[in-house]
Participant: 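There's a structure below that I have some questions on.
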Amino acid sequence: MTIAPKEFDFQVARLRLERKAKSASEKLTTLEAAAARVNDGDHVAIGGCLYSRTPLALIWALLRRRPRGLTLSRNLMSYEGEWAVVAGAADKLVTSWMGIGLPWGLSRIQREYVESGRLEFEEWSHLALGLRYRAAAMGVPFLPSLTMLGSSLMDVGGSKTVECPYTGETLHAVPALFPDVALLHVHRADRFGNGQIDGYPHMDADLARAATTVLMTAEEIVSDDEIRRHPDRTVIPGFAVDALVHVPYGSYPHECYGRYDAEPAHFTVYVDGIKERGAAGVTDYLERYVYAPRTHADYLALFDEAARRDAAARARMLTT
Amino acid sequence: MTIAPKEFDFQVARLRLERKAKSASEKLTTLEAAAARVNDGDHVAIGGCLYSRTPLALIWALLRRRPRGLTLSRNLMSYEGEWAVVAGAADKLVTSWMGIGLPWGLSRIQREYVESGRLEFEEWSHLALGLRYRAAAMGVPFLPSLTMLGSSLMDVGGSKTVECPYTGETLHAVPALFPDVALLHVHRADRFGNGQIDGYPHMDADLARAATTVLMTAEEIVSDDEIRRHPDRTVIPGFAVDALVHVPYGSYPHECYGRYDAEPAHFTVYVDGIKERGAAGVTDYLERYVYAPRTHADYLALFDEAARRDAAARARMLTT
Amino acid sequence: MTCTANELLAVMGARALRDGITVFAGVGAPLMATALAQRTHAPTLTMMMEGGILGPSFKPGDLPISTNEMRAAYHAQMLPGISDAFLLAQRGFLDVGFIGGAQIDQYGNVNTSVIGGYDRPKVRLPGSGGANDIISLCREVMILTVHEKRRFSERVEFVTSPGYLSGGDSRRKSGLLFGGVSRIVTTLGVFDFEPESRRMRLTALHPGIAVADVQANTGFEVLVSADLATTEPPTDKELDILRMLDPKRQFIG
Amino acid sequence: MTCTANELLAVMGARALRDGITVFAGVGAPLMATALAQRTHAPTLTMMMEGGILGPSFKPGDLPISTNEMRAAYHAQMLPGISDAFLLAQRGFLDVGFIGGAQIDQYGNVNTSVIGGYDRPKVRLPGSGGANDIISLCREVMILTVHEKRRFSERVEFVTSPGYLSGGDSRRKSGLLFGGVSRIVTTLGVFDFEPESRRMRLTALHPGIAVADVQANTGFEVLVSADLATTEPPTDKELDILRMLDPKRQFIG
């Protein structure tokens with residue numbers, strides 16, 4: 001059993017949340033100040049999915065602080081998981097799948113680190129991990145489900161079953177996962193942290209409720225009035241958000257629905273580095289893209305501006 | 001214990017759903033044909049909340065068929081519950097609260113019928129009833145919650161508790177409620193039944209997933225393309241919908257967010273009838289508003305057209 | 001200025017709300033109290049309504065009569081829906097909840113369901129609505145009510161919304177791990193609960209009210225705090241704001 | 001026309017989809033199969049993608065490489081999100097699901113996690129993703145895969161996605177009350193599962209393939225159906241549609 005009581009203990013998780021200020025006040029800050037809220041050893045849950053709406057700006061700022069002993073969880077883990085492992089920031093990943101996508105093959109870093117015993121890899125089914133976040137978002141220690149029953153995945157985290165008191169059937173009691181921190185990137189927010197997402201929502205709304213501390217970047221900071229004009233588009237309540245940073249292209253070169261497309265060519269260059277030099281390829285990449293640029297603007301400047309404009313044009317075409 | 005296995009048996013409920021056609025085909029039909037899908041003895045769950053987005057056109061069509069032995073459930077029950085009881089259509093109501101609102105006092109019909117033993121009234125907390133629908137929507141027989149614990153409400157429906165296999169804590173195992181039929185009114189849908197709601201969603205999305213048969217009216221039928229332009233606004237999947245009817249003012253004189261305001265003056269006239277003549281006031285009302293008008297247009301014509309236009313103007317002012 | 005019962009409740013309720021918190025409030029006095037607090041000492045307080053409405057603005061003169069209507073959602077910040085609003089409370093996001101009460105006992109248990117047996121009651125009341133959820137799930141709950149003897153009885157026959165149940169740690173033992181009733185504000189005074197027994201205890205009297213008045217209007221023995229205080233009467237500013245919000249006096253009476 | 005392995009899988013997968021059903025499909029061959037079926041005999045079939053995407057249209061020449069991107073959501077009808085998409089399957093709304101498989105055993109169990117012990121595996125594979133959920137929750141599941149001996153082994157060391165477990169009623173006994181693998185389409189033929197033992201059974205061979213070819217490429221004894229059929233080769237029309245959808249042959253090879 002690798003799940004720890006801290007992950008599913010809803011009473012302790014609630015008391016942590018009760019102590020947090022939930023005031024409708026200014027949440028705007030810098031990437032640096034936001035990232036400083038993550039402590040060594042924290043469980044950090046990452047929003048978006050695979051190469052979509054990944055909070056890359058927050059991950060960039062976090063890795064620059066050279067954190068240690070983190071556990072990262074995400075529904076489908078992309079290369080941010082490789083970064084954290086190779087950077088020595090994380091020693092445990094919790095996810096249902098790791099890679100980038102079909103054209104790039106398996107994650108060689110995942111293989112190499114898991115097979116050599118340097119990385120703990122806790123695997124759940126995609127829905128089970130989603131239900132872990134949702135149980136936490138609902139403030140309960142588990143949710144019943146049929147998924148994962150009968151599979152070897154039941155043993156990985158230490159899943160237990162529960163008997164339905166009405167029907168007598170046995171269900172998977174999917175344990176809650178209350179992360180210490182959630183990192184999210186959304187389309188727009190007001191300065192109080194009320195956040196709106198366009199397109200597929202992934203699991204971000206659940207993450208914002210499940211975590212004790214919520215760090216969020218937004219493509220756009222809009223007025224209070226603008227949020228109030230479309231309150232039915234708000235999916236993250238301001239009182240859940242601890243730090244908000246305005247970061248256009250905050251998940252680039254991953255995609256942001258309707259704003260910019262992903263850059264598969266960049267993924268290929270990244271993966272080629274690993275194919276050629278293994279983990280050293282990641283180290284080189286981190287040096288160039290994470291540690292060298294002193295600001296997020298410097299980071300973005302490493303990408304071709306015409307490519308960014310083109311990614312934006314593709315996104316508009318794909319969503320209209 | 002008044003909850004029946006039919007309500008929480010997720011296996012049987014799933015098999016009922018598996019037998020249903022889920023084709024992406026035309027769902028448009030008439031109110032009469034939609035209402036004909038309700039059978040005597042069915043559990044009918046009603047969408048909206050109190051006097052908001054009540055599927056009154058569907059209820060109108062249903063009552064005209066003089067059904068018998070229905071159980072009606074709704075989060076907060078408004079006068080549609082009184083209608084069904086006085087009309088002899090329903091002998092059991094499942095809800096958390098019954099009335100119209102502060103200015104109109106208690107529901108005298110609820111009092112009279114419950115106190116005289118003519119009506120079974122199954123009370124749940126507002127959230128517990130919401131979780132009953134949600135458990136069903138998720139396809140599970142119960143959801144754990146802290147709500148209702150310690151209260152006398154635990155005995156009303158026959159609630160059981162469940163021990164969390166991780167923390168050992170005892171939680172309320174809120175039993176699923178799989179209705180036979182859900183009646184819903186939404187803002188817009190395409191002819192395949194993909195439905196969109198503006199403003200507060202109430203519990204309609206859960207009802208659409210929980211019920212075996214879904215009957216839906218929409219203020220507006222839009223093109224397939226229009227739905228596809230804003231897929232992130234769709235909350236009811238077409239494959240869940242069995243019958244769809246185009247009914248502008250489909251919840252009038254209850255409100256529909258952004259479209260028309262409610263008509264409290266009409267509620268007052270209705271309640272005055274009850275104050276004066278008891279259940280006979282409802283009988284008279286049903287005669288005039290439900291049984292006499294032969295079409296829904298005839299029903300709407302009983303209301304002042306200027307009042308309807310004014311209700312629409314108020315709604316615009318309150319939502320812009 | 002003199003004031004009505006509901007104005008008194010709204011003012012005393014408002015004063016008990018700290019800035020920067022989240023409040024689960026229904027229509028009537030709770031809404032008035034919360035809106036007043038936002039306009040005085042608590043500008044960063046966030047309000048949630050049972051209709052699944054977060055951070056509403058209210059249009060003066062056009063306040064909602066139910067928590068599920070456009071006036072309740074006027075220029076709101078988020079519309080999560082009913083179940084998800086309560087689930088935010090279950091998660092611990094809601095600091096203070098308000099409920100009313102047809103019948104309240106000395107342990108803060110509230111009955112809004114039935115007088116007499118459940119199946120064939122002498123009086124059928126409207127039911128819990130969200131009151132049971134608010135009292136079960138918010139960090140603390142405040143009850144605002146007119147003080148009448150028939151409302152305050154030694155025990156309620158039916159616990160719709162659990163206060164401290166039979167006192168002591170019985171609430172927690174029932175599985176309600178969080179929250180509880182922290183305060184009852186009535187038209188006569190303010191009450192908390194004695195920490196050991198969890199019985200209602202008078203902590204402050206409104207101006208001009210004596211302990212004997214409270215006892216005469218209460219159906220059980222009233223505990224009185226050692227440091228019994230007297231509340232400050234509503235100020236002109238407070239009343240002006242309430243009357244600005246409700247010029248037709250639909251809610252403040 | 002001659003065709004590639006992936007074209008063969010897409011065509012055979014498409015033919016197995018009835019009109020009017022709902023299909024949970026991922027990128028690659030499952031997407032091609034579903035899109036082809038919609039464009040031939042199943043115009044009222046609805047597709048769900050794992051990214052929480054319902055009823056997508058696809059832009060010919062610009063197909064998605066993941067189920068969580070704009071190409072997968074192009075002109076979709078609904079975007080319920082990942083968890084809610086799977087929960088619709090748990091409720092029973094999804095008729096057919098597709099999964100792939102790194103390693104498949106004779107009971108249709110699939111391993112995409114580890115070769116060797118879990119904690120210190122010989123080979124670490126990418127993991128379940130939604131495959132476990134699809135095989136656990138859809139009414140029936142179809143597997144499309146290249147037929148290679150190393151993929152079809154007598155037993156999988158790790159059951160990422162449960163087929164019929166150890167056969168018989170063991171799947172149901174494990175708590176998986178619904179669904180199961182109904183069909184495996186490979187580059188050599190089509191399989192179902194013998195109803196009693198729940199062992200993989202060859203029901204049809206693709207043109208030009210012999211039973212011996214199948215046995216030679218399978219790591220366990222192949223059961224053969226009494227009424228073994230031969231599939232009709234892909235038609236020009238089917239291949240034209242696939243090639244229209246994927247002119248750059250990113251997915252059809």
Side-chain angles (χ1 to χ4, degrees), chain B residues 48-52 75-76 95-103 106-107 110-111 113-117 120-121 123-128 130-131 133-134 145-153 155-156 161 169-172 199-203 205-206 255 257-258 261-262 264 314-315 318-319, chain C residues 27-28 50-53 59 62 65-74 76 79-83 86-87 89-90 109 111-114 116 118-133 136-137 156-162 165 170-171 173-178 250-251:
Chain B
C49 181
L50 199 56
Y51 56 76
S52 178
N75 47 34
L76 303 180
T95 186
S96 75
W97 189 88
M98 186 162 173
I100 299 183
L102 272 183
L106 305 185
S107 164
Q110 177 201 27
R111 276 196 64 169
Y113 277 72
V114 173
E115 291 167 15
S116 61
E120 193 181 341
F121 188 88
E123 183 179 339
W124 296 82
S125 78
H126 204 171
L127 173 60
L131 290 176
Y133 294 132
R134 182 159 295 177
S145 174
L146 291 176
T147 209
M148 271 178 50
L149 287 170
S151 78
S152 308
L153 292 175
D155 302 323
V156 171
T161 57
E169 292 292 347
T170 297
L171 293 102
H172 179 191
Y200 21 71
H202 302 314
M203 299 181 181
D206 285 329
E255 63 144 54
Y257 183 92
D261 195 15
R314 291 199 303 277
L318 286 164
T319 52
Chain C
V27 294
E50 187 169 334
I53 292 163
K59 218 172 172 171
D62 211 4
I65 52 178
S66 106
T67 63
N68 311 277
E69 60 147 291
M70 285 177 263
R71 283 160 194 81
Y74 185 66
L79 303 173
I82 299 160
S83 298
F86 286 121
L87 291 174
Q90 183 166 273
N109 302 305
N111 175 17
T112 48
S113 299
V114 287
Y118 183 84
D119 289 327
R120 191 73 183 265
K122 205 148 57 95
V123 184
R124 175 66 233 189
L125 299 164
S128 161
N132 173 285
D133 308 305
S136 300
L137 305 175
V156 293
E157 295 164 85
F158 189 94
V159 178
T160 310
S161 302
L165 295 174
S170 59
R171 177 184 166 93
K173 277 193 172 149
S174 79
L176 291 170
L177 302 171
F178 310 104
Q250 278 184 284
F251 302 97

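Note that these values count all heavy atoms, side chains included, but never hydrogens, waters or copies made by symmetry. A note on names: the letters A, B, ... follow the listed sequences, proteins ahead of strands, and every chain is numbered from 1.
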Participant: Non-hydrogen atoms of chain C under 4.5 Å away: do they reach the side chain of B:Glu169, the backbone, both or neither?
Facilitator: side chain
Participant: Against chain B, work out which of C:Ser174, C:Ser136, C:Gly129 has the most heavy-atom pairs shorter than 4.5 Å and name it.
Facilitator: C:Gly129
Participant: Looking at B:Ala128, B:Ser52, B:Gly117, B:Gly130, which has the largest count of heavy-atom pairs under 4.5 Å with chain C?
Facilitator: B:Gly117
Participant: Please rank C:Asn109, C:Leu177, C:Ile53, C:Asp62 by heavy-atom pairs under 4.5 Å with chain B and give me the top one.
Facilitator: C:Leu177
Participant: Which atoms of B:Asp261 are under 4.5 Å from chain C, going by heavy atoms: the side chain, the backbone, both sets, or neither?
Facilitator: both
Participant: Heavy atoms only, distances under 4.5 angstrom: which of B:Glu255, B:Met98, B:Arg134 has the most pairs with chain C? Name it, please.
Facilitator: B:Glu255
Participant: Taking the basic N atoms (NZ, or NE/NH1/NH2) and the acidic carboxylate oxygens, is any pair closer than 4.0 Å for C:Glu157 and C:Lys122?
Facilitator: no
Participant: Checking heavy atoms, do the side chain of B:Ala262, its backbone, both or neither come under 4.5 Å from chain C?
Facilitator: neither
Participant: Taking side chain as everything from C-beta outward and backbone as N, CA, C, O, which of these in B:Arg111 sits under 4.5 Å from a heavy atom of chain C? Side chain, backbone, both or neither.
Facilitator: both
Participant: Select one option (side chain, backbone, both, neither) describing which atoms of C:Val114 are under 4.5 Å from chain B's heavy atoms.
Facilitator: neither
Participant: Report the option among C:Ser83, C:Pro126, C:Pro162 that has the most heavy-atom pairs separated by less than 4.5 Å from atoms of chain B.
Facilitator: C:Pro126
Participant: Do C:Phe158 and B:Leu153 make a side-chain contact, defined as non-hydrogen atoms from C-beta onward lying under 4.5 Å apart?
Facilitator: yes
Participant: I'd like to know if the side chain of C:Tyr118 reaches the main chain of B:Asp155, judged simply by a donor and an acceptor atom lying under 3.5 Å from each other, with no hydrogens or angles considered.
Facilitator: no
Participant: Kindly compute the distance separating OH (B:Tyr51) from CD (C:Glu69), expressed to the nearest 0.5 Å.
Facilitator: 3.5 Å
Participant: Sort out for me which of C:Val123, C:Leu87, C:Thr67, C:Val27 touches chain B most, counting heavy-atom pairs under 4.5 Å.
Facilitator: C:Val123
Participant: Heavy atoms only, distances under 4.5 angstrom: which of C:Gly175, C:Pro121, C:Gly81 has the most pairs with chain B? Name it, please.
Facilitator: C:Pro121
Participant: With a 4.5 angstrom heavy-atom cut-off, could you sort out which part of C:Ser128 is near chain B: side chain, backbone, both or neither?
Facilitator: both
Participant: Determine whether B:Tyr113 and B:Glu120 make a side-chain contact, defined as any pair of heavy atoms from C-beta on separated by less than 4.5 Å.
Facilitator: no
Participant: Got a donor-acceptor contact below 3.5 angstrom from the C:Gln90 side chain to the B:Leu146 backbone?
Facilitator: yes
Participant: Taking side chain as everything from C-beta outward and backbone as N, CA, C, O, which of these in C:Ser170 sits under 4.5 Å from a heavy atom of chain B? Side chain, backbone, both or neither.
Facilitator: neither
Participant: Of the listed residues (B:Gln110, B:Met203, B:Arg314), which shares the most heavy-atom pairs with chain C below a 4.5 Å separation?
Facilitator: B:Gln110
Participant: For C:Leu137, which atoms come within 4.5 Å of any heavy atom of chain B: side chain, backbone, both, or neither?
Facilitator: side chain
Participant: What part of B:Leu106 is in contact with chain C, defined as an atom under 4.5 angstrom from a non-hydrogen atom: side chain, backbone, both or neither?
Facilitator: side chain
Participant: I'd like to verify something: which residue of B:Gly48, B:Ala315, B:Ala205 has the highest number of heavy-atom pairs under 4.5 Å with chain C?
Facilitator: B:Ala315
Participant: Sort B:Ser145 into side chain, backbone, both or neither according to what part of it lies under 4.5 angstrom from a heavy atom of chain C.
Facilitator: both
Participant: So what's closer than 4.5 Å to chain B heavy atoms on C:Asp119: side chain, backbone, both or neither?
Facilitator: backbone
Participant: Below 4.5 Å from any heavy atom of chain C, which atoms of B:Leu127 appear? Answer side chain, backbone, both or neither.
Facilitator: both
Participant: Does the B:Glu123 side chain pair with the main chain of B:Val156, one donor and one acceptor, at a distance under 3.5 Å?
Facilitator: no
Participant: Which residues satisfy the ring-ring contact (aromatic ring centres under 6.0 Å, His included) test with B:Tyr133, sequence neighbours excluded?
Facilitator: none
Participant: For the CE atom of B:Met148 and the CG atom of B:Leu171, what is their distance to the nearest 0.5 Å?
Facilitator: 13.5 Å
Participant: Under 4.5 Å between any side-chain heavy atoms of B:Leu318 and C:Lys59, yes or no?
Facilitator: yes
Participant: Can you list the steps and then say if C:Asp133 with B:Ser125 is a side-chain hydrogen bond (donor to acceptor under 3.5 Å, both in side chains)?
Facilitator: CA-CA 6 Å; C:Asp133 308 305; B:Ser125 78; 2.5 Å; yes
Participant: Do any N or O atoms from the side chain of B:His172 and from the backbone of B:Thr147 form a donor-acceptor pair under 3.5 angstrom?
Facilitator: yes
Participant: Just so I know, are the side chains of C:Arg124 and B:Phe121 near enough to count as touching, which here means a heavy-atom distance under 4.5 Å?
Facilitator: yes
Participant: Chain B heavy atoms under 4.5 Å from C:Lys173: which part of the residue, side chain, backbone, both or neither?
Facilitator: neither
Participant: To the nearest 0.5 angstrom, please state how far the CG atom of C:Asn111 sits from the OG1 atom of C:Thr160.
Facilitator: 4.5 Å
Participant: In sequence, state the C-alpha distance, the side-chain angles, and the governing distance for C:Val159 and C:Leu165, and then conclude on side chain to side chain contact (heavy atoms under 4.5 Å, CB included).
Facilitator: CA-CA 8 Å; C:Val159 178; C:Leu165 295 174; 4.2 Å; yes
Participant: Using a 4.5 angstrom heavy-atom cutoff, name the option from C:Gly52, C:Ser113, C:Ala76 with the most pairs to chain B.
Facilitator: C:Ser113
Participant: Against chain C, label B:Leu102 side chain, backbone, both or neither, depending on which of its atoms sit under 4.5 Å from a heavy atom there.
Facilitator: both
Participant: Under a 4.5 Å cutoff for heavy-atom pairs, which residue among B:Pro201, B:Pro264, B:Gly101 has the most contacts with chain C?
Facilitator: B:Pro201
